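The block underneath contains the structure these notes are about, expressed in structure tokens.
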Amino acid sequence: MVSVSGVFRPRPTYLHNTNLDLNSVQELPDSHLWPALDAEGSGNLTYVESMPVIDLADPDVVGRMGHASETWGGFHVTGHGVPLGLIDRLESQVCRLFSLSREQKLNAARVPNSFNGYGQVPIAAFFEKSLWSEGCTITDSPVNWASRLWPDDYIEFCDVMEEYKKEMKALCVRIMWLMLASLGITKKDFDWAGPNGDLDGSWTTLQLNWYPPCPDPNRAIGLVAHSDSPILTVLYPSSTSGLQVLRENGTQAHWVTIGPVPGSFVVNVGDLLQILTNGRFRAPLHRAFVNRTHHRLSVPFFIGPPKDALITPLSKLVSADRPQLYRAVTWDEYLGIKRKYFQDALAVVSLRAPMDEPSNVSDHGSLESG
Ligand SMILES: O=C(O)CCC(=O)C(=O)O
Ligand SMILES: [Fe+2]
């Protein structure tokens with residue numbers, strides 16, 4: 001199993017809010033040097049397997065999504081109808097934000113116990129080594145902190161984020177039901193998606209990720225291996241490669257670089273969807289590498305159930321041949337488990353392999369933002 005052991009910190013501490021400006025660093029500092037990556041060379045992979053690309057207008061969209069979710073735990077989606085102009089405006093606002101000086105960006109810094117605003121991606125807090133990335137998390141309206149960044153000119157930023165979130169939510173609803181249809185699941189099979197199945201009251205978060213050029217990309221990592229926690233992620237990966245997904249085949253596992261597919265989003269199964277489908281769909285481990293010459297941005301949109309909804313393997317997917325793999329858990333409770341056990345969180349709620357203590361964790365899980 002590919003791992004990033006040796007740098008795991010068992011409790012979140014948020015020690016990384018240093019004033020180091022990654023954009024001006026000439027040599028990789030020890031704080032960002034991940035020794036375990038040496039053997040793998042994060043950006044030098046030879047595997048060029050292609051993640052399935054699925055057009056929403058494909059007559060076999062349900063079957064193809066089902067197959068991709070069971071094998072890869074994700075796929076590219078095209079034909080989604082999200083206006084390209086909106087994606088361009090999103091990119092330009094993300095660039096605008098991260099191009100500000102470090103001091104300016106710190107005016108929008110997350111405050112303790114809040115996930116909104118600028119900082120390292122929340123998962124960074126669990127590792128002694130820092131990630132080669134910056135992040136900005138939008139769970140509520142960004143008006144408060146955006147108006148501190150651009151007192152006279154924050155409306156366009158906020159409008160684009162709101163419009164994009166709305167598009168993403170609608171796309172997630174559409175994709176989730178298509179994926180579940182492949183397993184014979186309909187809107188009648190659970191009630192937390194609301195009477196029309198439109199996920200009203202669901203938990204959503206938009207994460208803006210920024211990976212500056214890195215002087216030593218093979219020994220740094222933009223985002224360590226993790227699976228996303230909620231139901232579904234729809235990620236805008238941008239046109240610069242950086243995303244890698246772990247492909248597991250029996251006892252073999254290798255990282256695959258996900259090349260850009262113009263106009264597509266990457267859809268990832270989240271841990272909760274793995275639980276809901278009784279392990280039929282797999283939440284894939286994935287990570288982001290960085291490169292020497294270009295910055296890269298990515299924008300995942302995460303969707304989960306309402307915080308108090310009880311997620312349990314669907315009875316249609318439990319049988320004598322396929323016994324229930326996971327106990328019921330609320331999203332809120334699962335987030336707490338993930339914060340404590342990271343990538344072992346699914347094992348903690350597993351009915352097969354009950355765990356008392358976290359193992360010597362290798363890969364990591366994510367927090368509020370995935
Ligand atoms: O940057 C990427 O491509 C991946 C981002 C990601 O996995 C996350 O934010 O959870
Ligand atoms: Fe992720």
Side-chain angles (χ1 to χ4, degrees), residues 2 4 22 42-43 45 51 72-77 87 90-91 94-95 98 110 115-116 118-127 131-139 164-165 168 172 203-214 217 220-246 255-261 264-274 281-291 294-304 335 338-339 342-343 345-346 363-370:
V2 183
V4 285
L22 298 182
S42 63
L45 297 183
M51 199 184 213
W72 282 80
F75 45 88
H76 293 271
V77 67
I87 299 173
L90 175 76
E91 275 224 26
V94 173
C95 289
F98 289 106
R110 274 182 217 118
F115 282 99
N116 273 300
Y118 172 77
Q120 279 239 315
V121 288
I123 49 181
F126 294 96
F127 292 87
L131 302 174
W132 198 265
S133 56
E134 301 171 55
C136 194
T137 309
I138 304 178
T139 46
Y164 187 75
K165 272 160 71 177
M168 285 297 109
C172 283
W203 169 100
T204 60
T205 285
L206 189 66
Q207 171 72 23
L208 316 179
N209 295 322
W210 184 258
Y211 307 98
C214 177
I221 186 95
L223 204 50
V224 279
H226 65 285
S227 61
D228 294 340
S229 306
I231 293 282
L232 215 58
T233 307
V234 174
L235 170 82
Y236 174 61
S238 78
S239 56
T240 303
S241 289
L243 176 63
Q244 292 174 336
V245 170
L246 192 70
W255 290 105
V256 174
T257 297
I258 304 300
V261 172
S264 79
F265 295 106
V266 174
V267 176
N268 274 335
V269 170
D271 294 348
L272 284 196
L273 191 54
Q274 180 165 330
F281 294 168
R282 310 286 304 175
L285 279 176
H286 56 281
R287 65 182 189 182
F289 68 90
V290 291
N291 74 77
H294 296 96
H295 70 252
R296 171 173 181 260
L297 65 86
S298 75
V299 184
F301 177 82
F302 304 102
I303 191 157
L335 274 172
K338 191 96 179 209
R339 279 185 200 120
F342 308 96
Q343 224 33 57
L346 276 172
D363 300 306
H364 89 152
S366 61
L367 288 179
E368 202 63 34
S369 67

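Just so it is clear, the model here is predicted, and its values are computed rather than measured. Order of appearance sets the numbers: ligands from 1, and atoms from 1 within every ligand.
- Under the side chain to side chain donor-acceptor pair (under 3.5 Å) criterion, Ser133 pairs with no residue, sequence neighbours left out.
- Remark: the backbone N or O of Gly119 is not paired with any side-chain donor or acceptor of Glu134 at under 3.5 angstrom.
- Only the side chain of Asp228 comes within contact range of ligand 1, with a heavy atom under 4.0 Å; no backbone atom does.
- Distance check: Phe302 CZ to Thr137 OG1 gives 8.5 Å after rounding to the nearest 0.5 Å.
- Taking CZ of Phe301 as the reference point, atom CZ of Phe265 lies at 11.0 Å (rounded to 0.5 Å).
- Atoms OG1 and CD1, on Thr233 and Ile303 in that order, are 10.5 Å from each other to the nearest 0.5 Å.
- The side chain to side chain donor-acceptor pair (under 3.5 Å) search around Asn209 returns Gln207, Ser298, not counting sequence neighbours.
- Taking the ring centre of Trp72 as origin, the terminal cationic atom of Arg282 falls outside the region bounded by 6.0 Å and 45° from the ring axis.
- In Asp228, the N, O or S atom that comes nearest to the Fe ion (ligand 2) is OD1.
- Applying the 4.0 Å criterion to heavy atoms of Leu235 picks out, from ligand 1, the atoms 3 (O).
- Interface atoms of ligand 1 facing His286, defined by a heavy-atom separation under 4.0 Å, are 7 (O).
- Checked by atom type and distance alone, the side chain of Arg296 pairs as donor or acceptor with a backbone atom of Pro237 at under 3.5 Å.
- Close to ligand 1: Arg296, with a non-hydrogen atom less than 4.0 angstrom away.
- Heavy-atom proximity to Ser298, at under 4.0 Å, picks out these atoms of ligand 1: 1 (O), 2 (C), 3 (O), 5 (C).
- Counting heavy atoms closer than 4.0 Å to ligand 1, residue Trp210 contributes nothing at all.
- Here is the list of ligand 1 atoms found below 4.0 Å of a heavy atom in Pro300: 8 (C), 9 (O).
- Numbered from 1 in the order shown, with element, the atoms of ligand 1 that lie under 4.0 Å from a heavy atom of Tyr211 read 1 (O), 2 (C), 5 (C).
- Proximity to Leu223 (heavy-atom distance under 4.0 Å) selects the following atoms of ligand 1: 5 (C), 6 (C), 7 (O), 8 (C), 9 (O).
- For Gln207, no nitrogen or oxygen atom sits less than 3.5 Å from a nitrogen or oxygen atom of ligand 1, counting backbone and side chain alike.
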